[in-house]
Amino acid sequence: MSQTLPFQGSALGLSAKGLARASSNLAVHVPEIWTVLAVETSGCGFLPDRRPQILYERHVFHRLTRGQFDDGDISDPSPGGYGPRGTQQYDRLARAILKDRSAALQSTSGGIGQIMGLNYALAEFQTVDEMVLAMSQSEDGQLMAMAAFLVSSHLASSLQAHDWTSFARGYNGPNYVINRYDARLNGEFQKYLTGGLPDLNVRAAQLYLTFLGFHPGPIDGIAGVQTLAAFSDFVGQQRLPDNAVIDADAVTHLVAALAKLT
C-alpha cells in the first residue's frame with residue numbers, strides 16, 4: 001500500500017460522460033474542449049504521482065496577502081519565478097501554505113483546465129478547499145470546474161464563436177500575445193477538426209499505466225508502439241490474456257490494479 005500524498009485523490013481519467021456534460025454546458029462540440037485542454041496542460045490533468053497538475057502564482061499570493069510575506073520566491077509583486085512544472089510546484093505551494101493556506105490555494109491554478117483557486121466561486125464551489133478536493137478526484141471534476149468558470153466569466157460565447165483572441169485575452173490574461181495563446185488555440189483547433197480525437201479508453205489506460213509505474217508515453221489517446229508495449233508489460237505482470245486491445249475491459253483491469261496500491 002502506497003503512502004497518500006497531500007492533494008492526492010482518486011485521480012480518475014476523463015470519461016465520455018464527463019466530456020459530453022461539459023460539451024452540453026458550454027454549447028460547443030468536443031474539438032473546442034480538446035483545444036483548450038491541449039494548450040493548457042497538453043491534455044492531461046494529473047502528474048505521474050496522481051496529484052493534479054498545478055502552477056503556483058507568486059504575484060497572486062502577494063496581492064492576497066498584501067505583500068507581508070514577500071521574499072522573491074513564493075511572494076513577489078511581479079509574475080514569474082515559476083521554476084519547472086511538476087512536483088516542484090507543490091514544493092512552492094507547501095511553503096506558501098505555511099504562511100497562509102487559503103491565500104496559497106487561491107494563488108494556484110490546477111487541473112486539466114488550469115483554473116485559478118482564486119476563481120473557486122466562478123467555478124461553482126463554496127470554498128477553495130472544496131474545489132481542490134474535486135480537482136484531486138477526477139479529470140471530469142476538473143473539466144466541470146473549467147466549464148462552470150467559462151460560463152460564469154462569459155467566455156463560453158468566445159469559445160462557441162471560435163474567437164480565439166477574445167478567449168485568449170479572458171482566459172490567459174493580457175500577456176496572451178506574448179504567449180501566442182490565441183495562435184496556439186487556433187492551431188490545436190485546426191488539428192482536432194482535421195484529425196482524430198483522443199480515444200478515451202486508450203487515454204485512460206495511458207494515465208493509469210503511468211500511475212502504476214509503466215511508460216506508455218504521452219497521455220494523448222493514441223495507441224502507439226510505446227503505449228502498446230507498456231500495456232503488454234502490464235498484462236504480463238497481471239497474468240491477463242494478451243489480446244493487445246485497449247478497451248473498456250482493459251481500463252477496468254488497470255483501475256483494479258491501482259486500487260490495490262491505495
Side-chain angles (χ1 to χ4, degrees), residues 1-5 7-26 28-38 40-53 111-113 133-147 188 191-192 194-262:
M1 180 178 292
S2 62
Q3 182 177 2
T4 301
L5 296 170
F7 306 105
Q8 191 180 71
S10 300
L12 297 175
L14 191 61
S15 71
K17 183 177 179 180
L19 196 56
R21 185 181 173 194
S23 177
S24 175
N25 288 3
L26 289 167
V28 298
H29 297 293
V30 173
E32 284 87 340
I33 294 176
W34 280 116
T35 293
V36 179
L37 303 185
E40 280 296 321
T41 56
S42 299
C44 183
F46 288 104
L47 299 175
D49 64 11
R50 294 178 27 234
R51 292 183 293 180
Q53 286 207 48
I112 200 167
L133 178 61
M135 293 286 193
S136 70
Q137 297 307 310
S138 70
E139 288 182 322
D140 283 357
Q142 297 173 4
L143 183 58
M144 290 312 300
M146 185 190 88
E188 291 294 337
K191 182 184 77 174
Y192 285 122
T194 57
L197 297 173
D199 182 297
L200 291 179
N201 282 326
V202 171
R203 188 184 172 284
Q206 291 168 330
L207 186 64
Y208 301 151
L209 284 166
T210 300
F211 292 163
L212 289 165
F214 296 93
H215 303 284
I219 315 299
D220 58 8
I222 300 172
V225 173
Q226 195 171 351
T227 295
L228 292 174
F231 181 63
S232 180
D233 289 343
F234 167 76
V235 167
Q237 182 191 80
Q238 299 291 312
R239 298 182 180 179
L240 301 171
D242 189 355
N243 56 9
V245 175
I246 300 179
D247 54 14
D249 287 340
V251 173
T252 299
H253 287 302
L254 286 159
V255 171
L258 278 170
K260 295 176 183 178
L261 299 180
T262 58

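A search for side chain to side chain contact (heavy atoms under 4.5 Å, CB included) contacts involving Ser232 returns Asp242, not counting sequence neighbours. For Ser136, the side chain to side chain contact (heavy atoms under 4.5 Å, CB included) partners are Pro52, Leu133, not counting sequence neighbours. By the side-chain hydrogen bond (donor to acceptor under 3.5 Å, both in side chains) test, Gln226 is found to be paired with no residue, residues two or more places apart in sequence or in another chain being considered. Partners of Glu32 by salt bridge (Lys or Arg N to Asp or Glu O under 4.0 Å), not counting sequence neighbours: none found. For the side chain to side chain contact (heavy atoms under 4.5 Å, CB included) test, residues two or more places apart in sequence or in another chain that qualify with Ala134 are Phe125. Partners of Asn201 by side-chain hydrogen bond (donor to acceptor under 3.5 Å, both in side chains), not counting sequence neighbours: none found. For Ser23, there are no side-chain hydrogen bond (donor to acceptor under 3.5 Å, both in side chains) partners, not counting sequence neighbours. With sequence neighbours left out, Ala147 forms a side chain to side chain contact (heavy atoms under 4.5 Å, CB included) with Ala22, Leu26. Ser42 pairs by the side-chain hydrogen bond (donor to acceptor under 3.5 Å, both in side chains) definition with nothing, not counting sequence neighbours.
Listed by first and then second residue, the side-chain hydrogen bond (donor to acceptor under 3.5 Å, both in side chains) pairs that reach into residues 208-223 are Gln206-Asp220, sequence neighbours excluded. The list of salt bridge (Lys or Arg N to Asp or Glu O under 4.0 Å) pairs with a residue in residues 200-217, not counting sequence neighbours, reads Glu139-Arg203.
Going from atom CG of Asn25 over to atom CG of Leu143 covers 9.0 Å, rounded to the nearest 0.5 Å. Separating the CG atom in Leu37 from the CE atom in Met146 is a distance of 5.0 Å, to the nearest 0.5 Å.
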Solution key, residues 245-255 side-chain donor-acceptor pairs under 3.5 Å, sequence neighbours excluded:
unit_1 : atom_1 : unit_2 : atom_2 : d
Asp247 : OD1    : Asp249 : N      : 3.2
Asp247 : OD1    : Ala250 : N      : 3.0
Thr252 : OG1    : Ala248 : O      : 3.0

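Contact annotation: the side chain of Leu14 approaches that of Asp140 to within less than 4.5 Å [non-hydrogen atoms, C-beta and beyond]. The side-chain heavy atoms of Trp34 and Leu19, taken from C-beta on, include a pair separated by under 4.5 Å.
Across all non-hydrogen atoms, the minimal contact from Gln142 to Ile112 is OE1-N, 2.8 Å. Scanning both residues, Gln137 and Phe46, for their nearest heavy atoms gives C-CZ, 4.4 Å. For Ala11 against Leu207, the heavy-atom pair with the smallest separation is O-CD2, 4.2 Å.
Side-chain N or O atoms of Gln8 include none that pairs as donor or acceptor with a backbone N or O of Arg51 at under 3.5 Å. Panel note: side chain Arg50, backbone Gly9; a donor-acceptor pair is recorded below 3.5 Å.
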Go through it in stages, so that I can follow the logic: the residues are Asp233 and Leu209, the test is side-chain contact (heavy atoms from CB on, under 4.5 Å), and I'd like the CA-CA distance, side-chain angles, deciding distance and then a yes or no.
CA-CA 10 Å; Asp233 289 343; Leu209 284 166; over 6 Å; no

